[in-house]
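Read the numbers this way: they start at 1 and go in the same order the structure lists the ligands and their atoms. Just so you know, these numbers come straight off a predicted model, no measurement behind them. Side chains included, hydrogens not; waters and symmetry mates left out as well; all remaining heavy atoms used.
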Amino acid sequence: MKKLIYILPLFFVLILSCAEENESTVIVEIDETPYVLEYGNLPEPDLPADNALTKQGVQLGRMLFYEKMLSKDNSQSCASCHNQSDGFSDTLQFSVGVEMKEGKRQAMSIFNMGWHSNEFFWDGRAELLRDQSLLPIEDPLEMNETIENVIDKLSGQPLYTDQFTRAFGSEEITAEKMSLAMEQFMLSIVSYDSKYDKYLAGELQLSESEERGRILFETEYNPFFPEMSGADCAHCHGGANFENDQYMNNGLDADADFADLGREEVTGDLSDKAKFKTPSLRNIALTPPYMHDGRFQTLEEVVEHYDLHIKQSTTLDPALVQVADNGGLNLSEQDKMDLVNFLKTLTDYTFLNNPEYSDPF
Ligand code: HEC
Ligand code: HEC
């Protein structure tokens, strides 16, 4: 009897602790809570109707974006070349892949992807962001891994099988689910809080130099009245995202010097020769070097190019043919400085430091 008195409480403690354990076991199931995209005063984004952003989908995409297992030797993630502190770009002229081979183009920045209505990459060879997201994995100059191996590696990890279940309702990992999740994460990266945005919202004023730069940027080039002529940058880098969803030749080279055929490689159309996607100029001060081949190190060099060094060629944009024909934009030293100062107002420190976009591991 004495023994039973000792044993009984022990028995209850055991039953209780079992019950507690059961209660704390997390049930992993799909969670379709929508991800609320914030975008300040930008216009409505163009989001894919068949891949609605959910909290769990964005979180999975973020894990994959920072996951080194996506590369052959587990040394490189998307973020190795798309660094948040560099505006999700790379400051090398040509990014270096896992085999230590250099790519042939400069890494592009990743933000405001829902405000692009054209395709992805400098030549637009990926129609949708989800198509784009799998290509770096198998690119021999980048991550050089097979999708099959990546799926094998991730399938062995409860961290991932659980997260795939939360995002898509089953733990099976497929290329399609990976691409949809990465698309969601990249769509969630938004930049809308630069000094320029605050100026637009009436929260602050630009300095005198920045304001002159803004006017030069937005005013058309006028070959007949140079004293009233602008730099016409907004002709191509226009709208809220400072781009135009087109492929253009901005006069980097003459025909004989085209080293990269750009858009022509995708369409086979000679009229697309050496045309490249007009990139957004948001956060541009953070993403040197510049142009598809990273040939310019500074914004001053870029402005110098548009001012005096546009090369004539068969596919040069007509607006720039006019500038080149007339001997350049005719900018003063002050004008050039003002343009660069305006470009610097497009830097968004909120986006650069947003913890939601950072490495989750
Ligand atoms: C080795 C460096 C490297 C790695 C790793 C890498 N990228 Fe890139 N990324 C680049 C380069 C270079 C370009 C431009 C390539 C081109 O246009 O041909 C680019 C372009 C892009 C673009 C196009 C942006 C636009 O505006 O069109 C997206 C999106 C992108 N990468 C996402 C990713 C994702 C997602 C991953 C991981 C699965 C990844 N990148 C891994 C270097 C890299
Ligand atoms: C005719 C269209 C057009 C005009 C006008 C134009 N740009 Fe561009 N810009 C482009 C294109 C296209 C590219 C990409 C070219 C490439 O890499 O081959 C580009 C690239 C750039 C880049 C580099 C972006 C990066 O991510 O590497 C900067 C900076 C830039 N332009 C600033 C300006 C400024 C400042 C002006 C006005 C003085 C201007 N642009 C006028 C079409 C234009």
Restricting to heavy atoms, the pick from Lys104, Arg125, Glu183, Lys68 nearest atom 18 (O) of ligand 1 would be Arg125

Next on the checklist: For Arg105, is there an ion pair with Asp123 - N to carboxylate O distance below 4.0 angstrom?
Outcome noted: yes

Distance col, row Phe296:CZ vs Gln93:CD, nearest 0.5 angstrom, shows 11.0 Å

With no hydrogens and no angle check, do the side chains of Tyr199 and Glu210 hold a donor and an acceptor under 3.5 Å apart? no

Consider ligand 1: state whether an atom of it lies below 4.0 angstrom from any non-hydrogen atom of Ser80. no

Side chain to side chain contact (heavy atoms under 4.5 Å, CB included) with Lys72: of Glu99, Met143, Glu138, Glu142, only one passes, and it is Glu99

Within a distance under 2.8 Å of atom 8 (Fe) of ligand 1, the protein atoms of type N, O or S are His82 NE2

**Asked** Going by atom types alone, do Gln163 and Gln59 pair a side-chain donor with an acceptor below 3.5 Å?
**Response** no

protein heavy-atom neighbour closest to atom 12 (C) of ligand 1 works out as Arg105 O, 3.3 Å

Exactly one of Asp193, Asn283, Val190 clears side chain to side chain contact (heavy atoms under 4.5 Å, CB included) with Phe351, and that residue is Asn283

_Check contact between Ser77 and ligand 1, using heavy atoms of the residue and a distance below 4.0 angstrom._
yes

Inset, instruction - Establish, for the pair Arg214 and Phe342, whether the NZ or CZ atom is under 6.0 angstrom from the six-membered ring centre and no further than 45 degrees off its axis. - result: no

Residue, atom and distance of the protein heavy atom nearest atom 15 (C) of ligand 1 read Phe121 CD2, 3.6 Å

So is Lys277 touching ligand 2 or not, going by heavy atoms under 4.0 Å? yes

Shell check on atom 8 (Fe) of ligand 2: protein N, O or S atoms less than 2.8 Å away are His237 NE2, Tyr306 OH

Item to check | Geometric N/O contact Trp122 with ligand 1, under 3.5 angstrom | outcome: yes

Residues 74-87 vs salt bridge (Lys or Arg N to Asp or Glu O under 4.0 Å), sequence neighbours excluded, gives none

* To do: Taking the side chain as every heavy atom from C-beta outward, state whether Phe121 and Lys277 have any pair of such atoms under 4.5 Å apart.
  => no

So for Asp293 against ligand 2, with non-hydrogen atoms under 4.0 Å, the contacting part is neither

Of Asp317, Asn250, Leu316, Asn249, the one forming a side chain to side chain contact (heavy atoms under 4.5 Å, CB included) with Lys275 is Asn249

Would Leu129 count as a contact of ligand 1 if the rule is a heavy atom under 4.0 Å away?
yes

The complete set of salt bridge (Lys or Arg N to Asp or Glu O under 4.0 Å) pairs with one or both residues in residues 292-315, sequence neighbours excluded, reads Asp253-Arg295, Asp293-Arg295, Glu304-Lys336, Asp307-Lys336

Going by the 4.0 angstrom heavy-atom rule, the piece of Asn249 near ligand 2 is neither

Val96: heavy atom below 4.0 Å from ligand 1, yes or no?
yes

Among non-hydrogen protein atoms, atom 16 (C) of ligand 2 lies closest to His292 ND1, 3.3 Å

Hey, is ligand 2 close enough to Met291 that some N/O pair sits below 3.5 Å? yes

